[in-house]
Amino acid sequence: MRYSNVDYAVVYVDPSKSSGGDGSTPAKAMNALPSSAGDFADNVCYLVRRTAEDKACTLPSGTNYGITNLMIVGMPLASDPMWELVPAEARTAWGSDSAQYANVKTSTSGCSFQAPYAQQFVLHRTYLFRDGVTADNYLLKFNNTSDFTGCFSFDHCKFGAKGVNLDSSSYKSEVATNCICGYVYIYNARMVSVTDCVMAHGLCGYSSYPHGLYVRFAEVMNVDNVRVFSPAWTNSSQAYPLCLSEYAMDGVECNVRNVTQTVRLNGTSGQYVPSLMAAQGYVSMNVENIVVKTGEPLSANRPTNYQVYNPLLNFQSVVEMSMRNVDLEYRDCWNARATVLNLTRCYVSNYVPGIVKELKDIKVAMAREDGIGSPISYSYASQSGSGYAAVVMEFNSNYASVYAKVPQVDGLTVLNPRGKAFYGENIRLTDAEFEGSVFLKGSVADIRSVKTWFPGNAVNVYEGTHARVRKIVCNVENDVYPWKAFQYIYELRFL
């Protein structure tokens, strides 16, 4: 079997068999993956039959230093591109199975399969899950600290824990153990691709392995059609289901498209809004069709407080940025202590002309009247700078004094009336609508309306900002913060 210019030997694995063969044909399939990490062979595709969840292979723990190319492939569906690549005998024998995934599990706390010198790794149509254990290590670990040569693909996969079926709206059970994180760790990579995957992720207790997919840095990153299901967190650590680059370098490009997250309240202990993704340090970043929605609560219990404690979507140090069609809804939360959508230290000028800086049709909606717990105070909502803003677009880094290009932000809506809606720096803002206070620095803005629950400080502009606002509404009859002849618009010349 030839894949990506590598010839793979195919070894068949059927975990539904009571006894295993030599793996040479579907009829003689092994009934398990190799029992130790060192027994995995190089340049081998382990083709695993799709079965019910209770018929699962076991992932061994350990390190294999000899693997350069490895594939663990759940038998493709006929609609999968991989279908045409697997041998015809596999399509005949296993192609009509009804199960959606091959299953690979661990029942061992701290299990971690490590291949530090892998050049190519593929996980395809596989449900990788924990069975009754907590996340005490990353299940798959590729910790090459010296080279950016590995290519890693995760296609049509699912990540989670047995019995924690957050992707089913009928599932109603609080998540109280830290079992749905710590799936994949990649240190350096040439390319990482994640397509058509489902992930259960949440911090429901302390873990030293808090991310879902962790990538320190990949020169090329591609994420498409990923569905994340998250309970409200019981832990306030900063972590992400999709930590796409933790280290800022000049990566070639990062493309993130068609990602959804469903957030579900998680009893009295779930006090923190789950995060979604982080990436930084790319020359070109394209983010498109991102949706966060509120799902059914996992129980009738509610926390006394519910807050955004760390940035939920966090993009930093990006040169070229294109962002379109983002819709983020957090209808139970009105305490944005940290930023929901965060773009900081992004570049406004560089050495290369003609780059794209376009952010269009973005909406962030927080609770308006019935949020859980207490919102931020008036003093926090009135602070200058980016702190406590639900959305931050800060383009204040420079590669050079030439080829400056101001980001075009069009169709921005931020609804956070009980807090601070927006901080923008060095942007051209058009067709915007805000509920909550607004702060603009070095920007040109055309705003349809600004409405705040507070008695004043609706619009705050400084350092050369020119803003035109059609309508401003403040709550001068506020019983909590009485109006005292506040100015509705402040012009601050210096930060």
Side-chain angles (χ1 to χ4, degrees), residues 285-288 290 311 313-316 318-328 336 339-350 355-366 381-398 403-417 419-452 457-474 487-495:
M285 179 172 288
N286 301 286
V287 179
E288 188 172 2
I290 311 298
L313 287 83
N314 195 11
F315 305 100
Q316 300 183 38
V318 176
V319 177
E320 179 179 85
M321 168 61 81
S322 175
M323 181 178 288
R324 287 174 172 267
N325 301 327
V326 175
D327 189 353
L328 313 177
T339 306
V340 174
L341 176 59
N342 189 46
L343 285 78
T344 59
R345 298 196 301 274
C346 294
Y347 286 85
V348 72
S349 65
N350 54 82
I355 65 171
V356 175
K357 286 192 174 73
E358 183 180 55
L359 300 94
K360 186 176 178 64
D361 298 331
I362 297 168
K363 181 178 180 180
V364 175
M366 311 299 291
S382 305
Q383 284 185 6
S384 61
S386 60
Y388 296 96
V391 175
V392 172
M393 295 182 179
E394 182 185 70
F395 289 80
N396 59 2
S397 295
N398 295 280
Y403 301 132
K405 185 171 184 178
V406 174
Q408 305 291 310
V409 183
D410 183 52
L412 174 65
T413 302
V414 184
L415 307 178
N416 186 29
K420 189 173 178 178
F422 181 68
Y423 174 84
E425 182 172 345
N426 293 330
I427 63 172
R428 177 65 174 99
L429 179 66
T430 57
D431 195 25
E433 180 179 353
F434 299 105
E435 292 186 7
S437 54
V438 176
F439 292 76
L440 296 168
K441 177 181 178 181
S443 299
V444 176
D446 290 299
I447 301 172
R448 294 198 309 273
S449 67
V450 178
K451 181 179 180 180
T452 176
N457 288 80
V459 180
N460 303 266
V461 298
Y462 44 93
E463 293 198 13
T465 292
H466 178 81
R468 295 181 293 186
V469 185
R470 179 178 297 174
K471 183 179 181 181
I472 299 174
V473 178
C474 294
Q487 289 180 285
Y488 290 172
I489 300 177
Y490 282 76
E491 180 178 353
L492 310 181
R493 297 184 180 275
F494 300 99
L495 178 62

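The basis for the numbers below is simple: all heavy atoms, side chains too, and nothing from hydrogens, waters or symmetry mates.
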| task | Take Leu429 and Leu412, measure what side chain to side chain contact (heavy atoms under 4.5 Å, CB included) needs, and give me the verdict at the end. | result | CA-CA 8 Å; Leu429 179 66; Leu412 174 65; 4.0 Å; yes
For [X] and [Y], work out which heavy atoms get closest and say how close.
{"X": "Asn396", "Y": "Arg345", "answer": "OD1-CA, 3.5 Å"}
{"X": "Ala445", "Y": "Leu440", "answer": "CB-CD1, 3.7 Å"}
{"X": "Ser443", "Y": "Asn426", "answer": "OG-N, 3.2 Å"}
{"X": "Pro407", "Y": "Leu359", "answer": "CB-CD1, 4.1 Å"}
{"X": "Ala421", "Y": "Val414", "answer": "O-CG1, 3.3 Å"}
{"X": "Val461", "Y": "Ala467", "answer": "CG1-CB, 4.1 Å"}

Going from [atom1] on [X] to [atom2] on [Y], what distance comes out if it is rounded to the nearest 0.5 angstrom?
{"X": "Met323", "Y": "Glu288", "atom1": "CE", "atom2": "CD", "result": "11.0 Å"}
{"X": "Leu341", "Y": "Lys363", "atom1": "CG", "atom2": "NZ", "result": "14.5 Å"}
{"X": "Phe315", "Y": "Leu343", "atom1": "CZ", "atom2": "CG", "result": "6.5 Å"}
{"X": "Cys346", "Y": "Glu425", "atom1": "SG", "atom2": "CD", "result": "11.0 Å"}

| task | Ignoring hydrogens and angles, tell me if any N or O in the side chain of Thr465 forms a donor-acceptor pair with the backbone of Gly442 under 3.5 Å. | result | yes
| Which pairs count as side chain to side chain donor-acceptor pair (under 3.5 Å) when at least one residue sits in residues 430-439, sequence neighbours excluded? | Arg368-Glu435, Asp410-Thr430, Asp431-Arg448, Glu433-Arg448
Residue list, side-chain contact (heavy atoms from CB on, under 4.5 Å) with [X], at least two apart or on another chain:
{"X": "Val444", "answer": "Arg428"}
{"X": "Thr344", "answer": "Gln316, Asn342, Val392, Glu394"}
{"X": "Glu358", "answer": "Arg324, Val356"}

| request: Would you check if Tyr423 and Lys441 make a side-chain contact, meaning some heavy-atom pair closer than 4.5 Å? | output: yes
| task | Tell me, with the steps shown, if Met393 and Ile362 meet side chain to side chain contact (heavy atoms under 4.5 Å, CB included). | result | CA-CA 12 Å; Met393 295 182 179; Ile362 297 168; 3.9 Å; yes
| task | Would you please name every residue forming a ring-ring contact (aromatic ring centres under 6.0 Å, His included) with Phe422, sequence neighbours left out? | result |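 ring-ring contact (aromatic ring centres under 6.0 Å, His included) list for Phe422, sorted by chain: Phe434.
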| message | Just to verify, what does Arg468 make a side chain to side chain donor-acceptor pair (under 3.5 Å) with, not counting sequence neighbours? | response |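 Residues passing side chain to side chain donor-acceptor pair (under 3.5 Å) with Arg468: Asp446.
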